[in-house]
Amino acid sequence: MPEQNTFSITELQQKANDGDAQAQFDLALCYTNGTPVEKNEELAFKWHNKTAEQGHVNAQFALGLLYLMGKGEQETKPLIEKWAKDKFVVKIVDPALDLAVSQALSKTLTSANHDLAFLWLKKAAEQNHAGANYWLGVCYQDGIGTQQNDELAFESFKIAAEQGYPEAYYSLAVYYLDGKGVKQSNARAFELYRHSAPHQVKNPLKCVHQ
């Protein structure tokens, strides 16, 4: 059961049935991971949708990532690699990433839906979710579920960077270097490259949507 939850599974199910969004999110994780209840992909996805529709920001972000990945999509690789490292090496994984990747690996969805990916990422970004702002920037950058727009991509990456999201620094550096969506500045690009150097994160979708 998620660490933040101190309720028994029966109490958690009751709270979820009563409309508690956090309980619904935790229950979706429980059914997704098969602990402490039997794994049930249908129930996991049902509760995931319910809590996202209630405005739970992590559920919205996770749903956006799930629809972005889908079955067999190249976008899954960097997310799965981060999830695996966090879950099995660091032993601390972001609950939203855990929910999204675990459901993707269980083939909860059989294909990506980029329109829904954009919709849910935008909803989470509007609630100031840093990761959602970054991935929303990726959507604007590569025209995923929306029209390609460098200005909006830059603004989304900028917000994510201001919120401390590591991957956003590299994306901003590229935009300053190329002068896309912002006035070209080698100095600003170099500064951002230096800031992102420890992470060495490139846009994971660029190779797919060129």
Side-chain angles (χ1 to χ4, degrees), residues 1-71 73 75-76 79-136 139 145 159-160 163-165 167:
M1 189 179 299
E3 290 183 3
Q4 70 269 27
N5 196 301
T6 59
F7 300 103
S8 70
I9 188 62
T10 301
E11 291 173 322
L12 186 63
Q13 289 170 329
Q14 183 60 57
K15 288 178 72 66
N17 285 324
D18 289 342
D20 186 299
Q22 183 60 50
Q24 292 172 353
F25 181 83
D26 291 343
L27 194 57
L29 267 175
C30 289
Y31 280 122
T32 296
N33 293 321
T35 179
V37 294
E38 184 177 352
K39 187 172 183 176
N40 188 314
E41 296 168 12
E42 183 177 347
L43 284 176
F45 192 62
K46 167 194 167 183
W47 288 115
H48 189 176
N49 268 291
K50 276 185 174 293
T51 189
E53 288 169 356
Q54 286 207 76
H56 191 287
V57 66
N58 279 332
Q60 293 176 339
F61 176 52
L63 201 54
L65 291 183
L66 179 60
Y67 279 119
L68 183 67
M69 294 188 289
K71 180 182 178 182
E73 288 286 331
E75 293 90 336
T76 62
L79 290 167
I80 290 175
E81 287 177 348
K82 176 174 173 52
W83 169 82
K85 179 181 178 182
D86 290 350
K87 194 175 185 73
F88 302 112
V89 179
V90 181
K91 303 294 185 181
I92 299 175
V93 61
D94 175 71
L97 181 64
D98 192 20
L99 185 58
V101 174
S102 295
Q103 288 186 338
L105 291 174
S106 67
K107 299 180 182 178
T108 296
L109 300 177
T110 58
S111 62
N113 186 322
H114 289 168
D115 289 339
L116 287 176
F118 177 80
L119 170 70
W120 287 110
L121 289 171
K122 191 170 188 295
K123 285 179 179 292
E126 288 170 349
Q127 294 198 66
N128 299 314
H129 191 287
N133 273 305
Y134 170 75
W135 285 98
L136 186 65
C139 288
I159 292 170
Q163 292 173 316
Y165 199 75
E167 289 87 341

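Throughout, residue positions are numbered sequentially from 1 according to the sequence presented.
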| message | Is a donor from one side chain sitting under 3.5 angstrom from an acceptor on the other, for S106 and T108? | response |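 Result is yes, a qualifying pair exists.
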| query | Which pairs count as ring-ring contact (aromatic ring centres under 6.0 Å, His included) when at least one residue sits in residues 79-113, sequence neighbours excluded? | reply |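 Found W83-F88.
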Look up atom [atom1] in [X] and atom [atom2] in [Y], then write down how far apart they are to the nearest 0.5 Å.
| X | Y | atom1 | atom2 | value |
| --- | --- | --- | --- | --- |
| L68 | L63 | CG | CG | 11.5 Å |
| C30 | I9 | SG | CD1 | 4.5 Å |
| L136 | L121 | CG | CG | 6.5 Å |
| D94 | N58 | CG | CG | 6.0 Å |
| L66 | L79 | CG | CG | 11.0 Å |
| N17 | W47 | CG | CH2 | 4.5 Å |

Taking only residues two or more places apart in sequence or in another chain, which ones pass side-chain contact (heavy atoms from CB on, under 4.5 Å) with [X]?
| X | answer |
| --- | --- |
| D86 | K82, V90, V93, L97 |
| D20 | K15, Q22, A23 |
| A124 | V57, Q60, F61, H129, A132 |

| query | Heavy atoms, side chains only, cut-off 4.5 Å: are Y165 and W135 in contact? | reply |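 A side-chain contact under 4.5 Å exists here.
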| Within-4.5 Å side-chain heavy-atom neighbours: Q24 and H56 |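 When only atoms from C-beta onward are counted, H56 and Q24 do not touch, as no gap falls below 4.5 Å.
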| Listed partners of K122 passing salt bridge (Lys or Arg N to Asp or Glu O under 4.0 Å), at least two apart |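 Salt bridge (Lys or Arg N to Asp or Glu O under 4.0 Å) list for K122, sorted by chain: E126.
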| request: Sequence neighbours left out, what passes salt bridge (Lys or Arg N to Asp or Glu O under 4.0 Å) with E41? Give chain and number order. | output: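 With sequence neighbours excluded, E41 shows a salt bridge (Lys or Arg N to Asp or Glu O under 4.0 Å) to no residue whatsoever.
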Which pair of non-hydrogen atoms, one from [X] and one from [Y], has the smallest distance, and what is that distance?
| X | Y | value |
| --- | --- | --- |
| G145 | D115 | CA-OD1, 3.6 Å |
| F25 | A96 | CZ-N, 4.0 Å |
| A130 | A160 | O-CB, 3.6 Å |

Please name all residues satisfying side chain to side chain donor-acceptor pair (under 3.5 Å) with [X], sequence neighbours left out, ordered by chain then number.
| X | result |
| --- | --- |
| Y31 | Q13 |
| S102 | N33, D98 |
| E53 | none |
| K50 | none |

| said: If the condition is ring-ring contact (aromatic ring centres under 6.0 Å, His included), which residues does F118 pass it with, not counting sequence neighbours? | reply: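 With sequence neighbours excluded, F118 shows a ring-ring contact (aromatic ring centres under 6.0 Å, His included) to Y140, given in chain and number order.
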| task | Return the set of residues passing ring-ring contact (aromatic ring centres under 6.0 Å, His included) with H48 (not counting sequence neighbours), or none when no residue passes. | result |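 Here no residue qualifies.
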| Quick check: does any side chain N or O of Q103 sit under 3.5 Å from a backbone N or O of A28, one acting as donor and the other as acceptor? |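 Checking the backbone N and O of A28 against the side chain of Q103, no donor-acceptor pair under 3.5 Å is found.
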